[in-house]
Enquirer: 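Got a structure for you, questions after.
Remember, it's a predicted structure, so these values are computed and weren't measured experimentally. Atom set for the values below is all heavy atoms of this structure, side chains included, hydrogens, waters and symmetry mates excluded.
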Amino acid sequence: MATADSTTAGVEKPAEAQMARLDSTPGLIVVGGGIAGVTCTETLSDLCPEEEITLISASPLIKTVTNFNQISYVLEEFEVEERPAAALQTRCQNVRVVQDMVTEIDSTNRKITTQNGLKIQYKKLCICTGGMPKLICKDNPLVLGIRDTESVATFQKKLTGAKRVVVVGNGGIATELVYEIEGCEVVWVIKDTSISSTFVDAGAAEFFLPHLVKDKEPAQGPLKRHKYEVADLEAARRTQPTKGGALGPDWNTGLDMKGQARGSHQVHVEYQSEVKSVWTPSEFKSSNKTADCVPSSTTSSEKPATETTEWPVYVHLTNGKTYGCDFVVSATGVTPNTAMFQNQINLDLADDKGMKVDDHMRTNVEHIYAAGDVCTASWEPATHWMQMRLWSQARQMGAYAAKCMVADATGESISQDFCFELFAHVTKFFGYKVVLLGKYNAQDLGNEYEILLRVSDDREFVKVILCNGKMYGAILIGDTDLEETFENLILNGLDLSRYGEDLLDPNIEIEDYFD
C-alpha cells in the first residue's frame, strides 16, 4: 500500500522556483489524471521525447492502462491500475506531474493558472477532466455516487453494516454492483422495461435474470494488479477536496462487497420507475406513506407484508412504492466535467454539456483539445461507430488526441484513427464476457433491420443485427469466439443474405467461410 507521502513523492508541489521554471518554458499540457489524460500524456511522451510535457492531476493517484490486449483489429481489453503519479515521471522522463487543479485558462496568451498559484504557458492543451456522477440527491451523505476509488471506499465502508441497499440506474456500474453485493437485500430501481438496457436488449436481459438470485462463482486465482490508497483519505479531502479519475473496467476485482446479513443474492427489481423523493425518517413519517417490504423469491404471497423496520433513509418511487434502506447508490450516468471552464473560455458545448470536438479532437478554441468523458464527438460518425462514455473510448480518444496535437504542432496531416470506424467494447456482466460490436442494439436503424439469435441457456447468447443483408452490429455473451469474424463482416460490408440462419448455426464453423 502506498501512503499519502509515498504517492506524492516526486510529484511537484507549488514553489516559487517551480512557478518561474514552468512559466518560462511553454510545453504540452494535459489536464486530468484519468484514463484519457494519462494515455494522452504517455502517447505525447512517446511521440515527442524531446518535448516538455506537464500532466496536471487533482489526485496524487493516476489511472494507468495495464495488461493491454488487442483482441482483434478494433476490439481491445485492458486493466486499469491506480499508481502514484511519480511512477509516470519515472517511466516517461520528459513528463512532469503536478498535483493541482486548474482554475483559469487564458486562451489568448496560452496560459493556465492553478489553484496553488502556478502559471503555466502551453503550446497545446488537452482537457481530460472526465465526468461527474449524476446524483439523484446532492449533499446527502446517504446517497452515494460510484465514480472513483474514494467513492468505492466509502461504499465498502457503509456496506459492511448494511442490511438493505437501493441501487438506482441501469448502466454498467449498476449492473456490476447488484451482481457483486452479497449479504444484503438490494432493491434495483430502473426506468426501463429490462435490466442492463444501456448495453443489452430485453432478450439478453432475460438471459442474465437468473443470475440475480444465483450464488456467484468464487473468484479464480489471485489478484495480480496492485491497488494503492491514499493514507488518511478523509483528512486529505478536508484540506483539499478532489476527485480521482473514473473507475477502470476491472474496478470491482478483489473488492469485498458483503453486507451485514448472511447469504448471497437477494435482488428485487423495480421496473419502469424512478426516484421521486429521498426522505429522512422524520420526513417519511410526515408523508403518511407506508414502507414496502422487499418481496421474497420464496414466498407465494402476491403482496409482501408491511415494513416494520426503521431505516436511516427512505426512497419514494414514481410507481408509488416506498423502500427504506441503509443507503442509496446513485448510478445514473455522468455529466461531462466542464463547469469549471465555462466562464473562462468560449467553448462550444453540446446538448449533453460535453466540449464539442472535431474529427481531430480539437475544440473551437485554438490550441485546445479535449478527450474522454469531458468531450462530445461532433464530427459525422462512421456508419458503425457511436460515442459512449466508456473506458475503452477514453483510452482511444486520449491516444488519438496526442497524435493530433503533435501533427498540428508540426504541420502534418493525419487521418482519423481506425478505431472510430467501428464501435467495439468488451466487458463482463454476471460473470460472462460481453462483446458489443457496431450498432449492436440497431441504434439509428429505425425498423429496417433483421435480428438473428442463438441462445444456449447458461452458456452463450448471440445476437446479430442485419440491415439490407449486411451485418451492422452484434452482441456476444459468453465465450463465443466470434468477435473477430463478426468484426470483419461488419467492416467489410459483405452481403450475407444467402447464408440466412446458417450464419449462427453452431454446427457450422462460420470462421471458415470468411477466413
Side-chain angles (χ1 to χ4, degrees), residues 22-23 25-57 62-65 85 88-89 91-98 100 102 105-112 114 118-130 245 336-338 341 344-348 354-379 387 392-420:
L22 286 167
D23 190 41
T25 311
L28 303 175
I29 297 179
V30 180
V31 181
I35 296 170
V38 174
T39 301
C40 182
T41 302
E42 291 174 327
T43 307
L44 285 172
S45 178
D46 290 339
L47 293 175
C48 40
E50 303 303 319
E51 189 74 53
E52 186 173 272
I53 301 160
T54 301
L55 171 65
I56 300 176
S57 172
I62 60 173
K63 305 286 184 179
T64 301
V65 171
L88 179 61
Q89 295 180 152
R91 188 169 69 257
C92 303
Q93 294 295 311
N94 59 332
V95 170
R96 177 188 298 107
V97 181
V98 177
D100 209 336
V102 174
I105 298 177
D106 179 354
S107 59
T108 302
N109 297 305
R110 283 197 259 175
K111 183 183 294 185
I112 65 169
T114 71
L118 287 172
K119 294 184 183 296
I120 315 173
Q121 289 187 307
Y122 63 86
K123 294 179 182 177
K124 302 287 182 183
L125 170 67
C126 189
I127 299 173
C128 305
T129 48
N337 193 15
T338 57
F341 305 110
Q344 301 173 25
I345 47 180
N346 190 27
L347 284 167
D348 281 347
M355 296 179 184
K356 288 185 177 181
V357 292
D358 65 12
D359 58 359
H360 280 66
M361 308 309 293
R362 295 175 292 219
T363 69
N364 64 299
V365 180
E366 193 175 11
H367 306 298
I368 297 181
Y369 302 70
D373 287 0
V374 76
C375 78
T376 298
S378 298
W379 64 82
Q387 183 181 10
S392 51
Q393 288 193 354
R395 194 205 71 80
Q396 291 167 346
M397 285 183 168
Y400 178 54
K403 297 174 186 177
C404 294
M405 292 167 72
V406 174
D408 288 348
T410 58
E412 297 179 32
S413 177
I414 63 171
S415 300
Q416 191 175 47
D417 272 6
F418 194 77
C419 64
F420 298 106

Enquirer: When you compare the side chain of Thr338 with that of Leu347, does any pair of heavy atoms fall below 4.5 Å?
Expert: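 Contact flag for Leu347/Thr338 side chains = no.
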
Enquirer: Hey, does His360 have a side-chain heavy atom less than 4.5 Å from the side chain of Ile414?
Expert: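 In short, these two side chains touch, coming nearer than 4.5 Å.
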
Enquirer: How far does SG of Cys404 sit from CZ of Arg362, to the nearest 0.5 angstrom?
Expert: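 Reported to 0.5 Å precision, the distance equals 7.0 Å.
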
Enquirer: Applying side chain to side chain contact (heavy atoms under 4.5 Å, CB included) to Ile112 and Ile56, what does each step give before you reach the verdict?
Expert: CA-CA 11 Å; Ile112 65 169; Ile56 300 176; 3.2 Å; yes

Enquirer: Considering all heavy atoms of both residues, which atom of Gly354 and which atom of Thr376 are nearest to each other, and what is their separation?
Expert: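 So the two residues come closest at CA-OG1, 3.3 Å.
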
Enquirer: What pair of heavy atoms forms the shortest contact from Ser45 to Cys92, and how long is it?
Expert: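 Scanning both residues, the minimum pair turns out to be OG-CB, 3.3 Å.
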
Enquirer: If the threshold is 4.0 Å, N to carboxylate O, is there a salt bridge linking Lys403 and Asp417?
Expert: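 The answer is yes: the pair qualifies as a salt bridge.
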
Enquirer: Should Arg96 and Gln89 count as side-chain neighbours, where that means a heavy-atom distance under 4.5 Å?
Expert: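 Answer yes - side chains close enough.
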
Enquirer: Does the Tyr369 side chain pair with the main chain of Val357, one donor and one acceptor, at a distance under 3.5 Å?
Expert: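 No.
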
Enquirer: Do Leu47 and Met405 touch side chain to side chain, with heavy atoms closer than 4.5 Å?
Expert: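 Counting from C-beta outward, Leu47 and Met405 never come under 4.5 Å.
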
Enquirer: Within this structure, what is the CD1-CD1 distance for the pair Ile105 and Ile368, rounded to the nearest 0.5 Å?
Expert: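 Here the interatomic distance stands at 5.0 Å.
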
Enquirer: Once rounded to the nearest 0.5 Å, what's the spacing between atom CG of Asp348 and atom OG of Ser378?
Expert: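 These two atoms lie 8.5 Å from each other.
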
Enquirer: Nearest 0.5 Å, please: how far is CG in Leu118 from CG in Asp100?
Expert: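 So the CG of Asp100 and the CG of Leu118 are separated by 5.5 Å.
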
Enquirer: So, taking the atom named CD in Gln387 and the one named CZ in Phe420, what distance separates them when rounded to the nearest 0.5 Å?
Expert: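 Reported value, rounded in 0.5 Å steps: 9.0 Å.
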
Enquirer: If every non-hydrogen atom of Gly37 is compared with every non-hydrogen atom of Leu55, which pair is closest and at what distance?
Expert: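 In this case the closest contact between Gly37 and Leu55 is O-CD1, 4.3 Å.
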
Enquirer: I need the Cys375 SG to Asn337 CG distance, nearest 0.5 Å.
Expert: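 Nearest 0.5 Å value for the SG-CG distance: 13.0 Å.
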
Enquirer: Looking at Asn94 and Cys48, would you say the former's side chain and the latter's main chain have a donor-acceptor pair under 3.5 Å?
Expert: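 The answer is yes, because a donor-acceptor pair under 3.5 Å joins these two groups.
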
Enquirer: Given Thr41, which partner from the list Asp46, Val30, Val97 fulfils the side chain to side chain contact (heavy atoms under 4.5 Å, CB included) test?
Expert: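 The option that passes is Val30.
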
Enquirer: Residues two or more places apart in sequence or in another chain: which of them pass ring-ring contact (aromatic ring centres under 6.0 Å, His included) with Tyr122?
Expert: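 Scan of Tyr122 (ring-ring contact (aromatic ring centres under 6.0 Å, His included), adjacent residues dropped) gives none.
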
Enquirer: Quick check: does any side chain N or O of Arg110 sit under 3.5 Å from a backbone N or O of Gln121, one acting as donor and the other as acceptor?
Expert: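 It does not hold such a pair.
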
Enquirer: Minimum heavy-atom separation for Ala402 to Cys40, with atom names?
Expert: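 For Ala402 versus Cys40, the nearest heavy atoms are CB-O, 3.5 Å.
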
Enquirer: Can you give me the closest heavy-atom contact between Ala371 and Ala36, atom names plus distance?
Expert: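 In this case the closest contact between Ala371 and Ala36 is O-CB, 3.9 Å.
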
Enquirer: Given Lys119 and Asp106, is the side chain to side chain contact (heavy atoms under 4.5 Å, CB included) satisfied, shown in steps?
Expert: CA-CA 10 Å; Lys119 294 184 183 296; Asp106 179 354; over 6 Å; no

Enquirer: Hey, does Ile120 have a side-chain heavy atom less than 4.5 Å from the side chain of Ile29?
Expert: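 Yes, at least one pair of side-chain atoms sits under 4.5 Å.
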
Enquirer: Can you find a heavy atom in the side chain of Ile35 that is under 4.5 Å from one in the side chain of Val65?
Expert: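 Yes, their side chains come closer than 4.5 Å.
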
